[in-house]
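Below you'll find the structure, written out as structure tokens, and then a few comments.
For the single chain, residues carry numbers from 1 onward in sequence order. Every value quoted in this text rests on a predicted model; they were computed, and no experiment measured them. Side chains included, hydrogens not; waters and symmetry mates left out as well; all remaining heavy atoms used.
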Amino acid sequence: MLKAGQAAPMFVLPDADMELIDIAQFQGKKNVILFFYPRDDAPCCTLQATDFSDHEDQFARHDCTIIGISRDDCIRHAEFRDKHGISVSLLSDADGAVCKRYGVWQAKEVNGAKKYGIVRSTFVIDKQGGLRLVLYGVTAKGHALEMLRAVKEINS
């Protein structure tokens, strides 16, 4: 698992419109809130993505862009975005490589069987590409506002 102070792992992934997004493009320009969520259209995942979208302009005032990542494909991301009016970028990590690099692909026990899945996690990456905040196992409700407070502290 990653820790604050480390360099954020770099990656390039497609968004809901199948445009490639290179995380390195934000270095020197923007802070990045990178949130990993289990799947599109699940109740908590929807709450989290819409909450970040609702506060996107406030994050922008603090030089911050918001990116969500799950293993859903681009088409599913587009449907999810359009259905719920989500404005933040949603990236597809279909093979799970980025999830593994960020340590969010973890084993869980479900009905006595070990299954792997994404642990809801958030990373705040500063303009230099460093991890300023690393949170594994976050709760969706109220999380966007918690991250907004964290970004304000980082910028002050």
Side-chain angles (χ1 to χ4, degrees), residues 1-16 18-40 42 44-45 47-74 77 80-81 86-109 114-156:
M1 299 215 290
L2 299 174
K3 292 181 175 44
Q6 290 179 280
M10 294 291 111
F11 61 84
V12 178
L13 288 174
D15 69 8
M18 297 183 202
E19 300 287 327
L20 291 177
I21 303 297
D22 184 343
I23 193 74
Q25 78 189 42
F26 300 105
Q27 283 190 333
K29 299 175 193 156
K30 300 252 185 206
N31 298 303
V32 177
I33 301 277
L34 188 62
F35 71 97
F36 288 82
Y37 64 100
R39 67 181 201 281
D40 293 337
C44 286
C45 299
L47 172 68
Q48 187 176 22
T50 56
D51 212 13
F52 273 122
S53 293
D54 290 346
H55 295 92
E56 191 174 24
D57 58 334
Q58 291 171 282
F59 282 99
R61 281 188 228 121
H62 294 282
D63 287 334
C64 197
T65 192
I66 304 163
I67 298 172
I69 297 178
S70 80
R71 292 193 59 182
D72 292 305
D73 64 29
C74 298
H77 277 337
F80 177 53
R81 175 196 63 199
I86 295 165
S87 58
V88 299
S89 294
L90 300 176
L91 307 186
S92 173
D93 183 24
D95 67 3
V98 175
C99 291
K100 288 175 186 155
R101 288 176 66 202
Y102 274 81
V104 303
W105 189 250
Q106 297 180 16
K108 304 174 192 178
E109 195 164 314
K114 188 187 248 187
K115 293 187 177 191
Y116 281 85
I118 292 176
V119 171
R120 189 181 314 282
S121 305
T122 303
F123 302 84
V124 178
I125 303 168
D126 65 24
K127 291 177 186 178
Q128 291 72 42
L131 291 169
R132 293 295 293 270
L133 193 59
V134 174
L135 300 169
Y136 291 98
V138 302
T139 303
K141 187 175 170 84
H143 185 62
L145 289 175
E146 285 175 35
M147 291 300 91
L148 186 57
R149 281 192 294 276
V151 168
K152 287 177 182 176
E153 285 178 29
I154 287 168
N155 284 341
S156 63

>> Counting C-beta onward and ignoring hydrogens, is there a side-chain heavy-atom pair between Gln48 and Phe52 closer than 4.5 Å?
In response: yes
> Roughly how far, to the nearest 0.5 Å, is NE2 of His62 from CD1 of Ile154?
Replying inline: 11.5 Å
> In Å, rounded to the nearest 0.5 Å, how long is the span from CG of Leu148 to CD of Glu153?
Replying inline: 10.5 Å
>> Please report the interatomic distance CZ(Phe26) to CG(Asp126), rounded to the nearest 0.5 Å.
In response: 14.0 Å
> Can you find a heavy atom in the side chain of Ser70 that is under 4.5 Å from one in the side chain of His77?
Replying inline: yes
>> Nearest 0.5 angstrom please: Phe123 CZ to Ile33 CD1, how far?
In response: 12.0 Å
>> Tell me whether Lys108 at atom NZ has more than 12 heavy atoms from other residues, nucleotides or ligands lying less than 6.0 Å away.
In response: yes
> Quick one: are Val134 and Lys3 in side-chain contact, heavy atoms under 4.5 Å?
Replying inline: no
> Is there side-chain contact between His143 and Phe35, with heavy atoms separated by less than 4.5 Å?
Replying inline: no
>> What I'd like to find out is whether the side chain of Phe11 reaches to under 4.5 Å of the side chain of Asp93, using heavy atoms alone.
In response: no
> Do Thr50 and Ile86 have side chains that get closer than 4.5 Å, going by heavy atoms?
Replying inline: yes
> CE/Met147 to CD1/Ile66 distance, rounded to the nearest 0.5 angstrom?
Replying inline: 11.0 Å
> Is Cys45 close to Arg120 at the side-chain level, that is, under 4.5 Å between some pair of heavy atoms?
Replying inline: yes
> Counting distance only, does the side-chain N/O of Tyr136 pair as donor-acceptor with the main-chain N or O of Leu2 below 3.5 Å?
Replying inline: yes
>> Distance check, rounded to the nearest 0.5 Å: Glu56 atom CD versus Thr65 atom OG1?
In response: 6.5 Å
